[in-house]
4 protein chains.
Amino acid sequence: MRGRPRDPDLPARVLDAALAEYARSGWAGFTMHAVAGRAGVGKSSMYLRWPTKEQLLVDAIDAYTRPLVVDHDTGSLRGDVLALASSLLAHFLDPMGWVTVRIAVDAAVESVDLGGFHERIVTKHNDAAQRIVDRAIGRGELPAGVDGRPLLEGLFGGVLLHTLALPPSEHAAARTDLAAHVTPLVDLLLRGVGPAATPAVG
Amino acid sequence: MRGRPRDPDLPARVLDAALAEYARSGWAGFTMHAVAGRAGVGKSSMYLRWPTKEQLLVDAIDAYTRPLVVDHDTGSLRGDVLALASSLLAHFLDPMGWVTVRIAVDAAVESVDLGGFHERIVTKHNDAAQRIVDRAIGRGELPAGVDGRPLLEGLFGGVLLHTLALPPSEHAAARTDLAAHVTPLVDLLLRGVGPAATPAVG
Amino acid sequence: MRGRPRDPDLPARVLDAALAEYARSGWAGFTMHAVAGRAGVGKSSMYLRWPTKEQLLVDAIDAYTRPLVVDHDTGSLRGDVLALASSLLAHFLDPMGWVTVRIAVDAAVESVDLGGFHERIVTKHNDAAQRIVDRAIGRGELPAGVDGRPLLEGLFGGVLLHTLALPPSEHAAARTDLAAHVTPLVDLLLRGVGPAATPAVG
Amino acid sequence: MRGRPRDPDLPARVLDAALAEYARSGWAGFTMHAVAGRAGVGKSSMYLRWPTKEQLLVDAIDAYTRPLVVDHDTGSLRGDVLALASSLLAHFLDPMGWVTVRIAVDAAVESVDLGGFHERIVTKHNDAAQRIVDRAIGRGELPAGVDGRPLLEGLFGGVLLHTLALPPSEHAAARTDLAAHVTPLVDLLLRGVGPAATPAVG
DNA sequence: AGCTAATCGAGACGGTACGTCGTGTCTTTTC
DNA sequence: GAAAAGACACGACGTACCGTCTCGATTAGCT
């Protein structure tokens, strides 16, 4: 291989700049020119790696989201689910967190798969949820063979909708008491999963 | 009021054209010029009513979504919820249906209220859900004072996430058997709401 | 004739407003909307009288130019010509005076006759010049049958070009000493017309 | 200097296209879009070089006018002046020639200097005229120190006014006998400059 | 006095050009 | 041969103006 080697730092610089630009101005105003400028990079170098703007943003989101999935064993199903729900709520209350959803929705509307979004973003969360259910089965909290997907859908989607329906003026307050916002939904779902999983209905 | 009155048919023509253009080419290729041309209208007349492209699309979606909310009394809570969930699933499986969600997400990310999106789209669905719960209370299926919101969040969000997680290749199949896709989630949620609301766990 | 009679003041108001707008912003920025607004008149009332913007402006110029032609007998050909030349120079040093020329040039370029520009503006000045020559013939300063047109062309055009070549920074100074600017040209032309018409060449 | 260099052929292509478009449809219908299309050029590349439509046209005129100044030594002052006057008349009888004057008048009215009009168009003709006078002084046809400017003003302006006063219907005829139209003016002016410069008055 | 009809102001209408900006490609020099 | 810089062709944006049109409100002359 001859010639100048590819700059190994370049992708990281571009991805950071992409997130920063996206956070600053949303999809409108997310321009390749601005990203290139902020990263101190030529546009051609970006198009060499990411064929479209969307691909670039998906990569940036992926890099940002990677350490976000909560997969910590709290010792009980309710504890795990509450922790996951709180983490999701915190995620959605952060403007950056919405990007994941926005990209997913865009992918669904355009009915094109933006650079393997499903495998890389959706599956990642699905797996985390199934691990929580499997741990609960191991503890005897749930019968074997329970399908974790409806629970995940209700949980993930419920938190999403809750945030969506929350007026922006209450976002700050919600960030200080995450559990209060998710507990009703969590308990509703856990009562549905199995009688042992939740305190008795008052 | 003096001067020539505004053409009362014009908004309808423009809204129809906007939906048609959006359906044909998605957000990319959704041009004010094209909408104006299809509607047989000058761009100025459009900007006189809708300050931005987004506002126009929100209005078009609203007009399209209006007859979509299912609010039919099937005689039982489970029947009502199943009908609502099926309707939502059908809505999300239609590419046009996603636009509602996309706009909502955009509104959340930009943290600006795109033309009263909350009042006009979100509230509309919230109210429909609460009416279902109130009917169930009237029938004695649920105790008085039950809050419908967690149910709605789980239901709406769950169906949303279900569709989002569904690979595009399975969309056609899902459209032919809506109930099969939503029943697990519906039953999970109804078990959580109250013991009388659902058949015993098999 | 039935129906409401046309407002007799309206043309005057519109013509004044047209000149004011033209003086303020030139041809660019000379909008029918602005003229109508300044005159307190509806656009339809203007289009009822003037089919095009150009026609309106020609009429406005004509009304403004009418009292401008100097046709005063000073007792000698040189005096008459100097007076005419000074008046022309003053006219061209006034920004409004240029409008006449601008319209004439526009008419020439478009090679359409903007509402009888020739008969109404050009002829008017031609006639004034010929009267000066005729008076000089009557006094015996010029032989009978002399054609006044080359004199007029050289005079009118010469003053025009002199102003055109004058840097804007010297316009104010020129206005205070009109004769000094036109004397060289006037004497050049009068020496050409006939020996008796001018003092001996130094 | 880094980055892709500007295409050196582009200005020429655009200037040619601008003239062609102007000749085809006049100022109305002189569209940046149309010029760009004819030149096979993006609008942005045009705005990169010419901030306004007017500037572009001035440049195009300048490029067109450059080879127009006649500065050929015919051996006599009368021959030189007749040649210059005929050339000017031909210039003004060509619709394109008027553009020079139009731009000059616009520059005077707006009292802004449209892209250095004075230095580039006016001075160019002034210098040519002074060279003619200097050659005549060299031949002994004129006394030393004669100022060429009044002659130029009378000549240039006289031809201009002559064309302006000529009804469009006679333009074609004038083009076939340029000398007949300019001779009266030329002789008038030359008699004024000096006795040796012209044949005796008939 | 009531009717009829032309004109008035206002301003919305379908078009079209403007000048700006973003895209994704291409062409240089520099490393 | 990859990097940055930035010019390139293209096309949509939202604004402004055109000349036409449709209103309700005058303001006469004619019955």
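For the numbers below, each heavy atom of this structure counts, side chains included, while hydrogens, waters and symmetry mates do not. Chain letters run A, B, ... following the sequence lines, proteins first and then strands; every chain starts at 1.
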Checklist outcome for this item: Interatomic distance, CD@C:Glu21 vs CG@C:Asp16, rounded to 0.5 Å, equals 12.0 Å

Item to check | Protein-nucleotide distance (B:Asp9, atom CG; E:dG14, atom C1'), rounded to Å | outcome: 16 Å

Next on the checklist: Looking at F:dA9, I'd like to know if its phosphate oxygens (OP1 or OP2) sit under 4.0 Å from a side-chain N or O belonging to D:Arg4.
Outcome noted: no

Next on the checklist: Rounded to whole Å, how long is the line connecting atom CZ of B:Arg38 with atom P of E:dG15?
Outcome noted: 15 Å

Checklist entry - Considering heavy-atom distances to DNA chain E, does D:Met32 or C:Gly40 have its closest nucleotide positioned more toward the 5' end? => result C:Gly40

Checklist entry - To the nearest angstrom, how far is A:His33 atom NE2 from F:dG6 atom P? => result 9 Å

Item to check | Between OG1 on residue B:Thr31 and NZ on residue B:Lys53, distance to nearest 0.5 Å | outcome: 6.5 Å

Next on the checklist: Nearest 0.5 Å, please: how far is CZ in D:Arg24 from CZ in D:Phe30?
Outcome noted: 12.0 Å

Checklist entry - Atom CG in B:Leu57, atom CH2 in B:Trp50: separation rounded to 0.5 Å? => result 11.5 Å

Item to check | Gap between atoms CZ and P, on D:Arg49 and E:dG19 respectively (whole Å) | outcome: 17 Å

Checklist entry - Which comes earlier along DNA chain F counting from the 5' end, the contact point of D:Ala36 or that of B:Thr31, where each point is its nearest nucleotide? => result D:Ala36

Checklist entry - So what does B:Arg13 touch, heavy atoms closer than 4.0 Å: a base, only the sugar-phosphate, or nothing? => result sugar-phosphate

Next on the checklist: Any side-chain N or O of B:Lys43 below 4.0 angstrom from OP1/OP2 of E:dT16?
Outcome noted: no

Checklist entry - Nearest-Å distance, CD (D:Gln55) to P (E:dG19)? => result 12 Å

Checklist entry - For B:Ser45 and E:dC13, is the shortest distance between a side-chain N/O and OP1 or OP2 below 4.0 Å? => result yes

Next on the checklist: Treating B:Thr52 as the side-chain partner and B:Gln55 as the backbone partner, does any N or O pair qualify as donor plus acceptor under 3.5 Å?
Outcome noted: yes

Checklist entry - Is any side-chain N or O of C:Arg6 closer than 4.0 Å to OP1 or OP2 of E:dT7? => result yes

Next on the checklist: If I take atom CD in residue B:Glu54 and atom C1' in nucleotide F:dA12, what distance separates them, rounded to the nearest angstrom?
Outcome noted: 13 Å

Item to check | Whole-Å gap separating P (F:dC10) and CE (D:Met46) | outcome: 13 Å

Checklist outcome for this item: The answer to which of A:Ala34 and B:Leu48 contacts DNA chain E further toward the 5' end, by nearest nucleotide, is B:Leu48

Item to check | Rounded distance (Å) that lies between atom P of E:dG19 and atom OH of D:Tyr47 | outcome: 3 Å

Checklist entry - Could one point to a donor on the side chain of D:Ser44 or the base of F:dC10 with an acceptor on the other under 3.5 Å away? => result yes

Next on the checklist: Please confirm whether the shortest side-chain N or O distance from A:Lys53 to OP1 or OP2 of E:dT23 is below 4.0 Å.
Outcome noted: yes

